[in-house]
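Heads up: the structure comes next, in structure tokens.
Quick caveat: nothing in here was measured; it's all calculated off a predicted structure.
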Amino acid sequence: MTKTRPTDARSPVTQETRYEDELARGLLSADENAFAAVYRRWGSLVHTMATRSLGDTHEAEDVTQQVFIGAWRGRNGYRPEKGPLGAWLVGITRRKIVDALAARTRRLTLIDTVTHDADGRRHDGGTLDEILDRVLLVDALSRLPHSQREVLCLGFYQDLTQAQIAERTGIPLGTVKSHTRRGLHRLREAVEQGLGDENAA
């Protein structure tokens, strides 16, 4: 009679599931080491999704950061019984991508609106200085890094406070303040340089 050797009943899939369950429990308990492991496990997937949808590596990096900041801050909203942690992160990623695309559309619409408005003012006798200031401002805004541009647009055109911007984007309040400060500084420099070039011409 042939004896059969006992085998490990745990398949690779089962082990992977158990590992992900452990990460989920760690995240829910605010374990920073578990959160770091969550980032290592799904960070590349999130970044790949964002890059394919946005076609911009820098924007994809911003979205990836926002996804994991949002996951950490909103970890109490994760319900294991409703699905695995990976699926939850994918859901957050899709929402952040939609937000990024909407922000891009708003920027393009803003630039288009200001350009047409400038043309209208030129025909209506608007001063060249006013037109120049607005065009320079929009051009300078469009050249800012995505993170700074988003924060300033939300503040300028949606009248959001810095705390509201942090809540909307999932970016820490301190980072929002830093982006605002740096963005305003770069805007001022760009506009002043543009005016200087125009005067020299």
Side-chain angles (χ1 to χ4, degrees), residues 23-24 26-39 42-43 45-47 49-51 53-54 56-80 82 85 87-114 133-134 136-192:
L23 293 182
L27 177 64
L28 288 171
S29 63
D31 183 334
E32 293 184 2
N33 290 327
F35 179 67
V38 168
Y39 179 80
W42 285 286
L45 171 64
V46 169
H47 188 270
M49 287 179 61
T51 301
S53 298
L54 299 170
D56 184 294
T57 302
H58 296 299
E59 281 189 291
E61 290 172 356
D62 286 340
V63 165
T64 301
Q65 180 186 34
Q66 291 172 26
V67 167
F68 286 97
I69 289 174
W72 176 255
R73 291 167 57 118
R75 59 188 179 276
N76 292 328
Y78 171 59
R79 296 289 180 267
K82 292 185 177 181
L85 180 58
W88 184 66
L89 290 170
V90 167
I92 296 175
T93 303
R94 287 172 176 161
R95 289 194 293 275
K96 294 297 184 182
I97 288 172
V98 169
D99 289 344
L101 290 171
R104 179 188 293 175
T105 300
R106 286 195 298 271
R107 290 194 302 272
L108 294 175
T109 300
L110 172 65
I111 292 172
D112 184 63
T113 299
V114 172
D133 287 348
R134 295 190 66 178
L136 285 174
L137 179 61
V138 173
D139 180 65
L141 191 62
S142 69
R143 295 173 186 273
L144 290 178
H146 169 72
S147 53
Q148 295 176 14
R149 185 171 62 236
E150 180 181 26
V151 166
L152 291 181
C153 282
L154 289 172
F156 288 162
Y157 303 110
Q158 295 193 30
D159 254 350
L160 298 183
T161 66
Q162 291 181 328
Q164 289 171 328
I165 293 172
E167 184 177 356
R168 169 81 67 86
T169 61
I171 300 173
L173 181 57
T175 305
V176 169
K177 292 179 178 179
S178 175
H179 286 337
T180 301
R181 184 171 58 253
R182 292 175 183 172
L184 287 173
H185 179 70
R186 293 183 66 165
L187 276 182
R188 183 166 57 250
E189 285 187 336
V191 171
E192 289 175 353

Do the rings of F35 and W72 sit parallel, tilted or perpendicular, given the 30° and 60° boundaries?
tilted
Give a yes or no answer on whether the side chain of [X] reaches the backbone of [Y] with a donor-acceptor pair at less than 3.5 Å.
{"X": "S29", "Y": "G26", "value": "yes"}
{"X": "K177", "Y": "P172", "value": "no"}
{"X": "R94", "Y": "G91", "value": "no"}

Which value, rounded to the nearest 0.5 Å, describes the distance between [X] atom [atom1] and [Y] atom [atom2]?
{"X": "R182", "Y": "S147", "atom1": "CZ", "atom2": "OG", "result": "9.0 Å"}
{"X": "D62", "Y": "H179", "atom1": "CG", "atom2": "NE2", "result": "7.0 Å"}
{"X": "W42", "Y": "T93", "atom1": "CH2", "atom2": "OG1", "result": "11.5 Å"}
{"X": "T169", "Y": "I69", "atom1": "OG1", "atom2": "CD1", "result": "8.0 Å"}
{"X": "D99", "Y": "R168", "atom1": "CG", "atom2": "CZ", "result": "8.0 Å"}

Just wondering, are more than 12 heavy atoms of other shown residues or ligands nearer than 6.0 Å to CD in E167?
no
I'd like to know whether CZ of R75 has more than 12 heavy-atom contacts from other residues, nucleotides or ligands below 6.0 angstrom.
yes
At their closest point, which heavy atom of [X] faces which heavy atom of [Y], and how far apart are they?
{"X": "L28", "Y": "P80", "value": "CD1-CG, 3.9 Å"}
{"X": "L23", "Y": "A37", "value": "CD2-CB, 3.5 Å"}
{"X": "A24", "Y": "Y78", "value": "CB-CE2, 3.7 Å"}
{"X": "L54", "Y": "I97", "value": "CD2-O, 4.2 Å"}
{"X": "T51", "Y": "A60", "value": "OG1-CB, 3.2 Å"}
{"X": "A50", "Y": "V63", "value": "CB-CG1, 3.9 Å"}

Does a side-chain heavy-atom distance below 4.5 Å link I165 with I171?
no
For this session: Please examine the side chains of L89 and Y39, heavy atoms only from C-beta on, and report whether any two atoms are closer than 4.5 Å.
Result: no
Applying side chain to side chain contact (heavy atoms under 4.5 Å, CB included) to D56 and not counting sequence neighbours gives H58, E59, R104
Quick one: do T175 and V151 satisfy side chain to side chain contact (heavy atoms under 4.5 Å, CB included)? Show the steps, please.
CA-CA 10 Å; T175 305; V151 166; over 6 Å; no
Hits for side-chain hydrogen bond (donor to acceptor under 3.5 Å, both in side chains) against R181, two or more places apart or cross-chain, chain-then-number order -> none
